[in-house]
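The structure appears right after this line, and notes come after that.
The first residue in the sequence is number 1, and the count goes up from there.
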Amino acid sequence: QVQLVESGGGSVEAGGSLRLSCAVSGQRRTFYCMGWFRQAPGKEREGVALLDLDDYSTYADTVEGRFTISSDHRKKTLYLEMSSLKPEDTAMYYCAAGPTCSATMRLEDFIYWGRGTQVTVSS
């Protein structure tokens, strides 16, 4: 059974940094597309960053230049380096995997989801 487990969330002050990790297990082949999504209280889940096997990355406009997505295929781990964090980045962050990366970061393209890790940024 495929499992995605996020870690690395926490509470930081505005301007701080965090590194999220997502460990993938139960899948022999690497997923073509993996990504990070987030959901703030009362808001819809939204795409943050995607990365495909060709190392092509896509970022939401709100995080472009501040967040970096990367992966270690050998370790089957996905990362999200977050810097210059803002209070509006506060959300539950989810890791997801699927066969397709779309520029619009459609949730329905992703088959597997983690349970999330909380990121809280105080002003």
Side-chain angles (χ1 to χ4, degrees):
Q1 184 176 359
V2 175
Q3 286 190 322
L4 306 180
V5 180
E6 303 94 337
S7 61
S11 297
V12 296
E13 292 185 350
S17 300
L18 281 174
R19 186 197 199 200
L20 305 184
S21 298
C22 172
V24 182
S25 62
Q27 174 76 0
R28 289 186 176 180
R29 295 183 299 175
T30 304
F31 291 102
Y32 179 76
C33 184
M34 294 197 68
W36 290 96
F37 292 78
R38 67 186 181 185
Q39 188 167 16
K43 294 187 177 181
E44 294 185 352
R45 190 170 299 190
E46 62 179 6
V48 175
L50 304 182
L51 183 68
D52 65 25
L53 279 182
D54 297 319
D55 281 334
Y56 182 80
S57 58
T58 303
Y59 294 94
D61 290 343
T62 52
V63 306
E64 181 84 51
R66 299 188 297 121
F67 291 10
T68 301
I69 188 171
S70 63
S71 67
D72 184 329
H73 296 307
R74 183 178 59 86
K75 294 182 179 179
K76 292 187 177 180
T77 303
L78 183 72
Y79 303 100
L80 185 68
E81 297 274 1
M82 306 185 295
S83 62
S84 302
L85 283 162
K86 304 175 181 180
E88 50 264 45
D89 294 319
T90 295
M92 184 72 79
Y93 282 71
Y94 298 90
C95 174
T100 304
C101 275
S102 68
T104 54
M105 300 186 183
R106 301 184 309 175
L107 273 67
E108 54 265 37
D109 287 338
F110 293 84
I111 301 171
Y112 299 102
W113 292 84
R115 293 189 174 185
T117 184
Q118 178 67 37
V119 171
T120 303
V121 184
S122 59
S123 57

_Any donor-acceptor N/O pair, D52 side chain to D54 backbone, under 3.5 Å_ = yes
*asked:* Suppose we screen for salt bridge (charged side-chain N to carboxylate O under 4.0 Å, His left out). Which residues come up paired with E81, at least two apart in sequence or across chains?
replied: R19
*asked:* As an exercise, state the distance from OH of Y79 to OG1 of T68, rounded to the nearest 0.5 Å.
replied: 14.0 Å
*Nearest 0.5 Å please: distance from the CD atom of E13 over to the OG1 atom of T120.*
13.0 Å
_Return the OG1 to CZ distance between T100 and R106, rounded to the nearest 0.5 Å._
7.5 Å
*Backbone N or O of R115 within a donor-acceptor pair of the E6 side chain at under 3.5 Å?*
yes
*Connected hydrophobic set around I69, excluding itself, where side chains approach under 4.5 Å*: V2, L4, V12, L18, L20, V24, F31, M34, W36, V48, L51, Y59, V63, F67, L78, L80, M82, L85, Y93, I111, Y112, V119, V121
*About how many Å separate SG of C33 and OH of Y56, when rounded to the nearest 0.5 Å?*
11.5 Å
*Of all the heavy-atom pairs spanning S17 and S84, show the shortest one and how long it is.*
OG-N, 4.4 Å
*How far does OG1 of T58 sit from CE of M105, to the nearest 0.5 angstrom?*
5.5 Å
*Give the minimum heavy-atom separation between L50 and C101, together with the two atoms involved.*
CB-SG, 4.1 Å
*asked:* Looking at every non-hydrogen atom in both residues, tell me the closest pair between D109 and S102 and how far apart they are.
replied: OD2-OG, 3.2 Å
*State, to 0.1 Å, how close A14 and P87 come at their nearest heavy-atom pair, and which atoms those are.*
CB-CD, 4.1 Å
*Would one find more than 12 heavy atoms of other residues, nucleotides or ligands at under 6.0 Å from atom CD of E44?*
no
_From K86 atom NZ to S123 atom OG, the distance as rounded to the nearest 0.5 Å_ = 13.5 Å
*With no hydrogens and no angle check, is any side-chain donor or acceptor of S71 less than 3.5 Å from a backbone partner on T77?*
no
*Can you list the residues that meet the salt bridge (charged side-chain N to carboxylate O under 4.0 Å, His left out) rule with R38, with sequence neighbours excluded?*
E46, D89
